[in-house]
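Have a look at this one.
If you read the sequence from its start, that first residue is 1, and numbering goes on from there. In listed order, ligands and their atoms are each counted from 1.
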Amino acid sequence: MTALQQILVDLAPYNAQLVAVSKTKPTEAILQVYHEGHRLFGENRAQELAAKYEKLPKDIEWHMIGHLQRKKVKYIAPFVSMIHAIDTMSLLEEVNKRAGMSERRISVLLQVKIADEESKYGFDSSDLASVFAEIEAMSIPHVQIAGLMGMASFVEDQQQVSAEFATLKEAFDSIKAAHYPNDPAFRILSMGMSGDYKLALQAGSNMVRIGSLIFGAR
Ligand SMILES: *Cc1c(COP(=O)(O)O)cnc(C)c1O
């Protein structure tokens with residue numbers, strides 16, 4: 001079995017989707033995974049993503065998974081299918097604006113800080129209630145709020161990692177209940193990477209972002 005096949009076997013009981021994270025990897029490596037049948041890939045740099053989009057088959061679904069600067073949204077807005085790491089209101093507004101210019105609607109996830117490391121990006125979970133109240137009052141027809149994304153601490157302690165994922169799952173459930181109870185589009189909980197995706201799945205993830213396990217170390 002290839003690494004991809006093994007991961008898909010692990011994901012199946014959870015009905016979770018796999019974003020194959022191809023950052024820094026050449027197009028040939030991506031094509032190899034493509035020819036195994038996979039169509040969903042993630043990148044964390046806007047220009048690298050745009051360049052790969054140009055070169056690779058057009059039935060690939062591209063997700064932007066990393067921190068995104070406002071000024072770089074324009075490179076990916078014409079084609080990207082999901083942006084995982086919305087971490088400010090002004091980025092959300094920029095995505096709405098650029099998606100509108102391309103006459104598109106882009107699915108987005110809000111990034112939430114769950115690691116105890118001093119992470120630079122993401123909303124504090126204690127701010128989510130007011131953040132979503134604000135979003136509800138905004139007019140952003142060109143974005144689809146599809147869920148939440150987070151990254152656990154990079155530590156050996158599995159209990160800590162599981163607890164951080166559980167925090168994000170609780171936030172997801174409460175936001176869903178408060179703001180999107182009848183909106184089937186709000187359904188993505190993006191958490192889990194090569195080192196912790198099994199813990200993430202057990203905690204309720206339905207979208208994992210896996211790079212090195214598929215493509216080898218970077
Ligand atoms: C690189 C990256 C991943 C994948 O990391 P691996 O450890 O290689 O699986 C997942 N999410 C984000 C945001 C990343 O930048």
- Message: Among all the protein's non-hydrogen atoms, which is closest to atom 6 (P) of ligand 1, and how far away is it?
- Response: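 Ranked first by proximity to atom 6 (P) of ligand 1 is Ser194 OG, 3.5 Å.
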
- Message: With the threshold set at under 4.0 angstrom, would you say Arg218 reaches ligand 1 through any of its heavy atoms?
- Response: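 Per 4.0 Å heavy-atom rule, Arg218 contacts ligand 1.
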
- Message: Check for me whether Lys198 meets the cation-pi criterion with Tyr14, that is, NZ or CZ under 6.0 Å from the six-membered ring centre and within 45 degrees of the ring axis.
- Response: no

- Show which atoms of ligand 1 fall inside a sub-4.0 Å distance from at least one heavy-atom site of Ile65. 2 (C), 11 (N), 12 (C), 13 (C), 14 (C), 15 (O)

- Task: For residues His84 and Met207, determine if any side-chain heavy atom of one lies less than 4.5 Å from a side-chain heavy atom of the other.
- Result: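 In contact.
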
- Query: Quick one: does Ile210 get within less than 4.0 Å of ligand 1, heavy atoms only?
  - Reply: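 Under 4.0 Å: yes for Ile210.
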
- Do His67 and Asn44 have side-chain N/O donor and acceptor atoms under 3.5 Å apart? no

- Query: Nearest non-hydrogen atom to atom 14 (C) of ligand 1 belongs to which of Met193, Met149, Arg209, Lys23?
  - Reply: Lys23

- Could you label the plane-to-plane angle of the Tyr53 and Phe79 rings as parallel, tilted or perpendicular, counting under 30° as parallel and over 60° as perpendicular?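 Tyr53 vs Phe79 ring planes: parallel.
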
- Message: At less than 4.0 angstrom from any non-hydrogen atom of Gly211, what atoms of ligand 1 do you find?
- Response: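 Listed by number with element, the hits are 4 (C), 6 (P), 8 (O), 9 (O).
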
- Message: Using 30° and 60° as the class boundaries, would you call the ring planes of Phe186 and Tyr180 parallel, tilted or perpendicular?
- Response: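 Geometry flag for Tyr180 against Phe186: parallel rings.
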
